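Only one structure is covered here, and it is reproduced in the block below.
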Amino acid sequence: MLGRAGKPSTIRPPWAKEESQFVELCSRCDKCIEACEERILVRADGGFPAIDFSQGECTFCEKCVEVCPDGAFVAVKGSAPFSHKIKIESDCIVFKGVVCMVCRDQCEPRAISFTPVVGGLSPPILESDSCNGCGACIAPCPAKAIKVISD
Ligand code: SF4
Ligand code: SF4
Ligand code: SF4
């Protein structure tokens, strides 16, 4: 994940409170990490939980939120799980003339599409408003061209 300055930053679990509140409240008990059946939560810097989308996607099962004893999450109802955005970079193999639609096939909300271009490449188009930040497109991309952008 890249921050605004292009530096790596950390992806907290879905519905995590704002960063300064989160690290204040989270006691690093590992309960959310253990509860995640997708195994995408890892112990990151300082022992705080973070998402590793190279391991899989978030299914929004809410288990991490439910087991937290420290109030480090916002209420699920009425809140967006993630504020990050997804970006498809120019490493995408379609730009090298290879046919690939792996990301589109992984995307449940259908946020990625390919518009046929006569005699040319059909690059992936990401509709950010439809993307829920689940990360399902990230690990399967053969070019590792899909990145998370922090807000
Ligand atoms: S919502 Fe479920 S899948 Fe997503 S990080 Fe939490 S426990 Fe894991
Ligand atoms: S999966 Fe990766 S390489 Fe394939 S079309 Fe999507 S961004 Fe490009
Ligand atoms: S992160 Fe966004 S673009 Fe990628 S699969 Fe999930 S909803 Fe689709």
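Both backbone and side-chain heavy atoms feed into the values below; hydrogens, waters and symmetry mates do not. Every value quoted in this text rests on a predicted model; they were computed, and no experiment measured them.
- D91 pairs by the side chain to side chain donor-acceptor pair (under 3.5 Å) definition with nothing, not counting sequence neighbours.
- Note that CD1 of I138 is 11.0 Å distant from SG of C103, once rounded to the nearest 0.5 Å.
- In this structure a side-chain-to-backbone donor-acceptor pair under 3.5 Å is present from R28 to G46.
- With a 4.5 Å cut-off on side-chain heavy atoms, I51 and V148 do not count as touching.
- In this structure, C100 and F114 have side chains that are not in contact, with every pair of non-hydrogen atoms separated by 4.5 Å or more.
- Using a 4.5 Å cut-off on side-chain heavy atoms (C-beta onward), T10 and D45 make no contact.
- Using a 4.5 Å cut-off on side-chain heavy atoms (C-beta onward), P49 and P13 make contact.
- By the side chain to side chain contact (heavy atoms under 4.5 Å, CB included) test, F95 is found to be paired with C92, P123, residues two or more places apart in sequence or in another chain being considered.
- Grouping the Ile, Leu, Val, Met, Phe, Trp and Tyr side chains by contacts below 4.5 angstrom, directly or via other members, places M101 with L121.
- Annotation: side chain to side chain contact (heavy atoms under 4.5 Å, CB included) contacts of E24 (sequence neighbours excluded): none.
- Across all non-hydrogen atoms, the minimal contact from F22 to K17 is CB-O, 3.6 Å.
- Counting only residues at least two apart or on different chains, no salt bridge (charged side-chain N to carboxylate O under 4.0 Å, His left out) pair has a member in residues 98-123.
- Linking ILVMFWY residues whenever their side-chain heavy atoms come closer than 4.5 Å, directly or via other members, places V76 and I11 in the same cluster.
- A ring pair (Phe, Tyr, Trp, His ring centres under 6.0 Å) check over residues 32-54, counting only residues at least two apart or in different chains, returns the pairs F53-H84.
- Counting non-hydrogen atoms of neighbouring residues, nucleotides and ligands closer than 6.0 angstrom, the NZ atom of K96 exceeds 12 such neighbours.
- Atom CD1 of residue I33 and atom CZ of residue R39 lie 9.0 Å apart, to the nearest 0.5 angstrom.
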Donor-acceptor pairs are to be reported for all side-chain atoms of residues 60-75 against protein atoms at under 3.5 Å, with residues two or more places apart or in another chain.
from, atom 1, to, atom 2, distance (Å)
K63, NZ, E37, OE2, 3.3
D70, OD2, S27, N, 3.2
D70, OD2, S27, OG, 2.5

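- For R43, the salt bridge (Lys or Arg N to Asp or Glu O under 4.0 Å) test picks out D30, with sequence neighbours left out.
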Using distance only, find each side-chain donor-acceptor pair of residues 139-146 under 3.5 Å and give its atom names and separation, not counting sequence neighbours.
from, atom 1, to, atom 2, distance (Å)
K144, NZ, A139, O, 2.9
K144, NZ, C141, O, 3.4

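- Counting heavy atoms from C-beta outward, P81 and N132 have side chains that stay 4.5 Å or more apart.
- Every residue two or more places apart in sequence or in another chain was checked for a side chain to side chain donor-acceptor pair (under 3.5 Å) with K31, and none qualifies.
- Here E18 pairs with S20 under the side chain to side chain donor-acceptor pair (under 3.5 Å) rule; sequence neighbours left out.
- With rounding to the nearest 0.5 angstrom, the CG atom of L41 is 11.0 Å from the CD atom of E34.
- Separation of atoms CD (E57) and CD (E38) is listed at 6.0 Å; rounding is to 0.5 Å.
- Through direct or indirect side-chain contacts shorter than 4.5 Å among Ile, Leu, Val, Met, Phe, Trp and Tyr, I93 is connected to V98.
- Contacts of S130 classified as side chain to side chain donor-acceptor pair (under 3.5 Å), with partners at least two apart in sequence or in another chain: none.
- Residue T115 holds its OG1 atom at 3.5 Å from CD1 of I125, rounded to the nearest 0.5 Å.
- Counting heavy atoms from C-beta outward, C131 and F82 have side chains that stay 4.5 Å or more apart.
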